[in-house]
Amino acid sequence: MLLFCSFLKSFLYFCTTQLTTMYKLLIRPILFCFDPEKVHYFTFSLIRIASKIPGFKAIFRALYEVNDTRLETEVFGLKFKNPVGLAAGFDKDATLYKELSNFGFGFIEIGTLTPKGQEGNPKKRLFRLKADQAIINRMGFNNGGVLEAVERLKSNTNVLIGGNIGKNKVTPNEEATSDYEICFDALYDYVDYFVVNVSSPNTPNLRALQDKEPLTQLLQTLQNKNVAKVNPKPILLKIAPDLTDEQLLDIIDIMAVTKIAGLIATNTTLSREGLLSEAKAETGGLSGKPLTNRSTEVIRFLAEKSNRAFPIIGVGGIHSAEDAMEKLAAGASLIQLYTGFIYEGPALVKAINKAILEQRK
């Protein structure tokens with residue numbers, strides 16, 4: 001038994017040190033041969049099946065988790081076991097959050113959810129830009145509706161969950177607040193924090209809700225409902241990287257007025273500056289490596305101009321531990337992965353947590 005345990009420990013150590021190489025050389029090239037949206041759901045099926053095999057959850061945790069109390073981070077009244085989360089859009093319908101938590105994430109954000117289920121935009125709507133280490137998506141809030149997600153969240157016992165909420169495509173902006181209220185009420189008992197998404201470029205006119213007056217009204221309405229609860233939940237706002245400095249200053253003012261808990265910076269961008277891939281001509285939101293610097297600039301601007309008056313979750317172009325540390329140094333309290341998780345593999349989560357531990361020695 002001692003010999004077996006020693007072998008298993010050595011094997012896991014070898015696997016851990018070679019995870020990124022194995023993923024990039026063996027797994028990613030195969031996955032990238034196929035349509036990205038189909039691969040996404042195929043991968044979900046594989047993870048779900050593997051997680052049902054006895055012992056596999058423990059193997060995933062052994063390979064990817066970093067358990068250390070020094071990683072614990074308290075932000076807006078919540079204790080995160082580590083600062084690395086999975087961004088919204090990956091598990092839109094809360095179908096795989098339990099299994100994904102075994103890859104070392106400290107929290108998982110589901111959504112964007114809308115009151116009614118909707119198909120989203122016509123396919124093809126997801127594109128890899130391999131030369132740029134990026135993705136363009138124009139998914140359009142495709143999801144089964146908030147009530148379906150609630151049913152799956154009812155069985156959650158130990159995963160810290162963020163609920164990202166939006167409006168249905170057919171709902172005019174003048175009635176958008178009602179959609180956000182419906183999602184807020186439905187999810188309230190089943191998520192740990194909320195994210196108001198008004199920054200996706202893939203729902204017509206949605207970004208107009210980022211203007212100062214409608215955004216203040218929307219956030220104040222939700223915050224009024226929130227503070228009337230016995231145990232209010234943190235409400236965050238997710239903003240676009242394409243906002244001007246003047247608009248970012250407006251965001252800081254809105255934060256002071258509405259007193260919501262924090263920001264997520266940033267969503268995808270409409271910019272195509274410097275891209276090499278032919279797919280750059282596709283419409284939609286760009287995520288990945290080209291967003292690294294801009295998202296960090298937005299975080300730094302907001303942190304400095306507000307005198308760090310509120311927490312920021314940094315997301316956008318995190319493809320390495322160094323990218324993550326730059327966002328934390330710029331003023332982020334937590335970070336989230338999406339495109340970097342796809343390009344670099346799940347070992348990225350562990351690499352970031354180890355880098356944070358090195359800094360906190």
Side-chain angles (χ1 to χ4, degrees), residues 70-80 82-85 87-88 106-107 109 160 162 164 192-199 207 209-224 226-227 232-269 291-318 321-337 352 355-356 358-361:
R70 290 174 296 168
L71 286 171
E72 292 179 357
T73 307
E74 189 164 332
V75 186
F76 34 80
L78 297 175
K79 182 175 283 188
F80 297 80
N82 69 64
V84 186
F107 61 107
E109 192 171 305
L160 200 152
N164 189 300
D192 298 286
Y193 69 88
F194 286 93
V195 179
V196 177
N197 188 352
V198 292
S199 52
R207 284 191 169 190
L209 293 175
Q210 290 182 119
D211 292 344
K212 192 169 186 177
E213 185 176 344
L215 184 55
T216 302
Q217 185 269 330
L218 167 60
L219 293 176
Q220 193 63 66
T221 299
L222 293 175
Q223 184 70 324
N224 289 344
N226 190 39
V227 297
K233 302 283 178 75
I235 296 176
L236 284 70
L237 170 68
K238 189 166 188 175
I239 62 172
D242 307 317
L243 298 180
T244 64
D245 286 356
E246 183 179 357
Q247 289 173 311
L248 291 174
L249 291 173
D250 283 344
I251 294 294
I252 293 173
D253 290 341
I254 291 169
M255 297 293 295
V257 170
T258 61
K259 294 180 172 58
I260 63 168
L263 288 177
I264 297 185
T266 63
N267 210 322
T268 56
T269 181
L291 194 53
T292 304
N293 292 335
R294 177 54 186 164
S295 61
T296 303
E297 287 173 0
V298 171
I299 292 166
R300 183 176 291 110
F301 183 93
L302 291 167
E304 291 178 353
K305 296 299 182 181
S306 70
N307 197 25
R308 301 195 178 224
F310 43 79
I312 300 171
I313 298 180
V315 57
I318 300 175
E322 291 74 20
D323 294 335
M325 299 308 289
E326 285 177 4
K327 291 218 173 1
L328 293 170
S333 301
L334 306 165
I335 60 163
Q336 290 178 326
L337 308 178
I352 294 171
I356 294 170
E358 281 295 312
Q359 189 184 66
R360 294 181 178 180
K361 275 185 176 180

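Every heavy atom of this structure was used, including side-chain atoms; hydrogens, water molecules and symmetry mates were not.
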Could you list the donor-acceptor pairs under 3.5 angstrom formed by side chains in residues 248-258, with sequence neighbours left out?
from   : atom 1 : to     : atom 2 : distance (Å)
Asp253 : OD2    : Lys212 : NZ     : 3.3
Thr258 : OG1    : Ile254 : O      : 2.8

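Partners of Asn82 according to the side chain to side chain contact (heavy atoms under 4.5 Å, CB included) rule, which considers only residues two or more places apart in sequence or in another chain, are Leu71, Val84, Asn353.
Heavy-atom minimum distance, Ile335 versus Phe107: O-CZ, 3.6 Å. Closest of all the heavy-atom pairs between Phe310 and Gly262 is CB-CA, 4.4 Å. Here the closest non-hydrogen pair linking Ile299 and Gly314 is CD1-CA, 3.6 Å. The two atoms that bring Asn267 and Ser199 nearest to each other are ND2-OG, 2.9 Å, heavy atoms only. The two residues Glu72 and Arg360 have their closest heavy-atom pair at O-NH1, 3.9 Å. The two atoms that bring Pro311 and Val75 nearest to each other are CB-CG1, 3.4 Å, heavy atoms only.
At least one side-chain heavy atom of Val196 sits under 4.5 Å from a side-chain heavy atom of Leu222. In this structure, Asp323 and Ile352 have side chains that are not in contact, with every pair of non-hydrogen atoms separated by 4.5 Å or more. Using a 4.5 Å cut-off on side-chain heavy atoms (C-beta onward), Leu78 and Asp192 make contact. Put simply, the side chain of Leu218 reaches to within 4.5 Å of the side chain of Val198, judged on heavy atoms. In this structure the side chain of Gln247 never reaches within 4.5 angstrom of the side chain of Asp242, judged on heavy atoms. Leu237 has its side chain out of reach of Val195: every pair of non-hydrogen atoms, C-beta onward, lies at least 4.5 Å apart. Side-chain atoms of Ile313 and Ser333, non-hydrogen and from C-beta on, never get closer than 4.5 Å to each other.
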**OP:** Kindly indicate, with the supporting measurements, whether the criterion side chain to side chain contact (heavy atoms under 4.5 Å, CB included) is fulfilled by Leu236 and Leu263.
**Re:** CA-CA 5 Å; Leu236 284 70; Leu263 288 177; over 6 Å; no
Original post:
Would Thr266 and Leu291 satisfy side chain to side chain contact (heavy atoms under 4.5 Å, CB included), going step by step from the backbone distance to the final call?
Top reply: CA-CA 9 Å; Thr266 63; Leu291 194 53; 4.0 Å; yes
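The line from CZ of Phe80 to CG of Leu160 is 5.0 Å long, rounded to the nearest 0.5 Å. Distance check: Phe301 CZ to Ile312 CD1 gives 11.0 Å after rounding to the nearest 0.5 Å. How far CD1 of Ile318 is from OG of Ser295: 7.0 Å, rounded to the nearest 0.5 Å. Summarising the geometry, atom CG belonging to Leu215 is positioned 13.0 Å from atom CZ belonging to Arg207; distances are rounded to the nearest 0.5 Å. Atom-to-atom distance recorded for Asn226:CG and Thr221:OG1 is 12.5 Å, nearest 0.5 angstrom. Here the NZ atom belonging to Lys233 is positioned 6.0 Å from the CZ atom belonging to Phe194, to the nearest 0.5 angstrom.
Listed by first and then second residue, the salt bridge (charged side-chain N to carboxylate O under 4.0 Å, His left out) pairs involving residues 295-316 are Arg294-Glu297 (not counting sequence neighbours).
A donor atom on one side chain and an acceptor atom on the other are found under 3.5 Å apart for Lys327 and Thr296.
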